[in-house]
Amino acid sequence: QVQLVESGGGLVQAGGSLRLSCAASRRTFSSYAMGWFRQAPGKEREFVAAINWGGGNTDYADFVKGRFTISRDNAKNTVYLQMNSLKPEDTAVYYCAQSTTGRATSRQADFGSWGQGTQVTVSS
């Protein structure tokens, strides 16, 4: 079972930026797609972004397109989420997840391993 450890969350003002990182313990990291999801208080967990095994294909939720960028460094077993132009409605716990396949997907059921989450709070 892979271990995923997120970091980089925190408190930021609206319009600011944060970069989340997720380090994976698995040596086969480069074989699997990775994703970011988030869960705000009182809401269901939702898809944010995904990237395929090689990094050449990405998918984004409509509400983050143009503001967030997902990337990965397979040499470091790490996936990133660069978040710009943050809004108060982006406040949530952000989770990193590893897919069971190499293809980028937005379906939570396709992700078999999850991190513990990192809090992102955007103040107005």
Applying side chain to side chain contact (heavy atoms under 4.5 Å, CB included), run through Thr69 and Tyr80 and close with a yes or a no. CA-CA 8 Å; Thr69 302; Tyr80 305 97; over 6 Å; no
Atom of Val120, atom of Leu20 and distance for their closest heavy-atom approach: CG2-CD2, 4.0 Å
Ring pair (Phe, Tyr, Trp, His ring centres under 6.0 Å) partners of Tyr94, counting only residues at least two apart: none
If you define the side chain from C-beta out and look only at heavy atoms, does anything of Ser17 sit under 4.5 Å from Met83? no
Indicate yes or no: does Asp62 engage Lys65 in a salt bridge with an N to O separation below 4.0 Å. yes
Pairing donors with acceptors under 3.5 angstrom, does anything connect the side chains of Asp110 and Thr105? yes
What is the distance from atom CG of Asn74 to atom CE of Met34, rounded to the nearest 0.5 Å? 9.5 Å
Verdict with supporting geometry, Trp36 and Ile70, side chain to side chain contact (heavy atoms under 4.5 Å, CB included): CA-CA 8 Å; Trp36 287 96; Ile70 187 170; 3.6 Å; yes
Note, Thr91 side chain near Gln119 side chain (heavy atom, < 4.5 Å): yes
Of all heavy-atom pairs between Pro88 and Ala14, which one has the smallest distance, and what is that distance? CD-CB, 4.1 Å
Does NZ or CZ of Arg72 lie under 6.0 Å from the centre of the six-membered ring of Trp53, at an angle within 45° of the ring axis? no
Hey, are the side chains of Phe63 and Glu89 touching, using non-hydrogen atoms and a 4.5 Å cut-off? no
Residues two or more places apart in sequence or in another chain: which of them pass ring pair (Phe, Tyr, Trp, His ring centres under 6.0 Å) with Tyr60? none
Looking at every heavy atom in both Ser99 and Thr101, which two are closest together, and how far apart are they? OG-N, 3.1 Å
So Asp90 and Phe68, do their side chains get closer than 4.5 Å, heavy atoms only? yes
Verify same cluster id: Val93, Val64 (apolar side-chain graph, 4.5 Å): no
Assigning hydrophobic clusters by single linkage (Ile, Leu, Val, Met, Phe, Trp, Tyr; side-chain heavy-atom cutoff under 4.5 Å), is Val79 placed with Val2? yes
Just checking, is any N or O donor in the side chain of Gln1 or Arg26 under 3.5 Å from an acceptor N or O on the other one? no
Rounded to the nearest 0.5 Å, what separates atom CG in Asp59 from atom CZ in Phe47? 4.0 Å
Short side-chain donor-acceptor distance under 3.5 Å, Glu6 and Gln116: yes
Side-chain cluster (under 4.5 Å, hydrophobic types only) that Leu11 belongs to, other residues: none
Exercise: identify the closest heavy-atom pair between Ala24 and Phe29: CB-CD1, 3.4 Å
Report the distance from atom OG of Ser21 to atom CD of Gln82, rounding to the nearest 0.5 Å. 9.5 Å
Does Arg38 make a cation-pi contact with Tyr95 (under 6.0 Å, within 45 degrees of the axis)? no
Validation row: Leu4, Gln98 side chains within 4.5 angstrom (heavy atoms): yes
Specify whether Phe37 and Trp114 have parallel, tilted or perpendicular ring planes, treating 30° as the upper limit for parallel and 60° as the lower limit for perpendicular. tilted
Cluster overlap Leu18 with Ile51, hydrophobic side-chain contacts below 4.5 Å: yes
Please step through side chain to side chain contact (heavy atoms under 4.5 Å, CB included) for the pair Glu46 and Gln39, ending with a clear verdict. CA-CA 6 Å; Glu46 62 183 355; Gln39 186 169 23; over 6 Å; no
I'd like to check Leu81 versus Val48 (side-chain heavy atoms, cut-off strictly below 4.5 Å). Are they in contact? yes
